[in-house]
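To start, the structure itself, in structure tokens.
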Amino acid sequence: MTTAEQLQLLTAGTTRVISAGELADRLDAGRPLRVKLGVDPTAPDIHLGHTVALEKLRQFQQLGHQAVLIIGDFTATVGDPSGRSATRPPLTRDEVLANAETYTTQAFKVLERGRTEVVFNGDWFRRMSYEEVLRLNSQVTLQQMLQREDFHTRIDAAQEVRLHEIQYPIMQGWDSVEVRADVEIGGTDQLFNILVGRDLQKAHGQPPQVAVLMPLLEGLDGVRKMSKSYGNYVAVSDPPAEMFGKLMSLSDELMDRYYQLLLGAGRDPAGHPMEAKKDLAERLTARYHDPAAAAAARADWDTRFSRRDLAAAELPELALTELPAGLTVVALAAHVFATVFGLPKSNGEIRRQFVTAGAVQLNGARLDDPNATVTLRPGDVLRLSKKHAVRVR
RNA sequence: GGGUAGGUUCCGGAGCGGUCAAACGGGGCAGACUGUAAAUCUGCUGGCUCACGCCUUCGCUGGUUCGAAUCCAGCCCUGCCCA
């Protein structure tokens, strides 16, 4: 493949490349490029937001380049202030290591394992002496750091910024020096950090890395970027039905965004939006599970939500034998929420939100008397809300 | 170190001795509508009973008072100005 062809492929879908000319020069050299992507294991799951950059990294791999996946076990304990309006809560070392484990596993749902170098940045940072830290710090000015929007908006809003937070860009930059990155991939919010990497590389006699910036994927709420801490994410490890269901809850507008960023193409403008959404959900579910599971998830979603046929739908099971006898509607609903769905709810909430509102139904009949006792039989379908229902076994 | 402004329920933010479980907005949840959605509308949003009422909560610890989120003292934490 010619440089021009590679360049075209590699810049597709990016927001910005700094600079395309530099990237072309590197490609011309003909050797495999070292392409860096850093992820901080601050949560146990990789989500679709991460996959935008991961997919780009895979493209590089497919063209024969070397992926360098940096697990920010050290930086995770500091917390990236990018886009943050407040200091991140610190993670313990154990949490970080556990997360790193699942992260790498999940990242290989996208990346080719054989062509990926995985490194932990704690390997160099934990060894660094205070002297070295100071030397690093001397290469960056406070003014540069304060130019960052994240910091000065917080400062303007009279909110605290702690000193360790302004270390973050320096650390991320140093990672680039350590791995001798030719290219770094990141979200647009990583621009500043990646540029610091360029500066540090130059200062250490390396050619500065090319910055490849990817658009940020909005989360399910359509407003904020996808993030575990906002609870608006679709995890790569979500089971098929859940993944499919979450994707179906997208607004039409967001669906177009997902099409662009995750599938790299627009949807058929002539088709019905809901069909397009089902296609999107099925394709992504197939990508992280398999086509059969995705098709099953789609079929089940149809019976459950389109046709509202709970009786025929695939539902979690409730073992009758494990239930205390003579439960009231409220007690039963609370029990099912807690044990089947892992959502402990107070009796008051169950009564108010669910029972009185008519959300709780047995085989389609409303159970709106909170204190009535319920007798369940095997095969019964107990609905707690639109999204929560179980089949009695 | 000095001065000053603050720390309120998931978040923002009112309250400034009783009528406060605490306005209002956001978020969240449930229902109606619909293409499961979005938008819109309605309701709920500390816990127990749900009827009265009771219990826990307004940075922490004590105190004043019949009674405190509201007053006082000490402590912890944060912003801003000064050094």
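Here is the naming used below: chain letters follow the sequence lines, and residue numbers restart at 1 for every chain.
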Inset, instruction - Consider the side chain of A:R352, meaning its heavy atoms from C-beta on, and name the nucleotide among B:rG47, B:rU78, B:rG31 that approaches it most closely. - result: B:rG47

Inset, instruction - Inspect the surroundings of CD in A:Q8 and state if more than 12 heavy atoms from other residues, nucleotides or ligands are less than 6.0 Å away. - result: no

Inset, instruction - Report, as yes or no, whether the 6.0 Å neighbourhood of atom CD on A:E101 holds more than 12 heavy atoms from other residues, nucleotides or ligands. - result: no

Legend entry - Distance-only donor-acceptor test (3.5 Å): side chain A:K387, base B:rU36: no

Inset, instruction - Could you work out the separation of B:rC54 and B:rA39 based on their P atoms and round it to a whole Å? - result: 42 Å

Inset, instruction - Ignoring hydrogens and angles, answer whether the base of B:rU34 and the side-chain atoms of A:R308 contain a donor-acceptor pair closer than 3.5 Å. - result: yes

Legend entry - Shortest side-chain distance from A:M274, nucleotide among B:rC29, B:rG31, B:rU36: B:rU36

Inset, instruction - Please measure how far the C1' atom in B:rG13 lies from the corresponding atom in B:rG17, and state the result in whole Å. - result: 22 Å

Inset, instruction - Would you check if the side chain of A:Q106 reaches a backbone N or O of A:S237 as a donor-acceptor pair within less than 3.5 Å? - result: no

Legend entry - Nearest-neighbour nucleotide for the A:E160 side chain, B:rU78, B:rG31, B:rA37 considered: B:rU78

Legend entry - Side-chain-base donor-acceptor pair under 3.5 Å for A:N347 and B:rG47: no

Legend entry - Options B:rA37, B:rC29, B:rG31, nucleotide nearest the side-chain atoms of A:Q353: B:rC29

Inset, instruction - Just call it for A:G358: base, sugar-phosphate, or nothing, with non-hydrogen atoms closer than 4.0 Å on any strand. - result: nothing

Inset, instruction - Name the residue closer to the 5' end of RNA chain B, choosing between A:P273 and A:R351 according to the nucleotide with the nearest heavy atom. - result: A:P273

Legend entry - Pair A:R58 + A:E55: basic N to acidic O under 4.0 Å: yes

Inset, instruction - For B:rG46 and B:rC10, measure between their C1' atoms and round to the nearest Å. - result: 12 Å

Legend entry - P atoms of B:rC75 and B:rC24, separation to the nearest Å: 38 Å

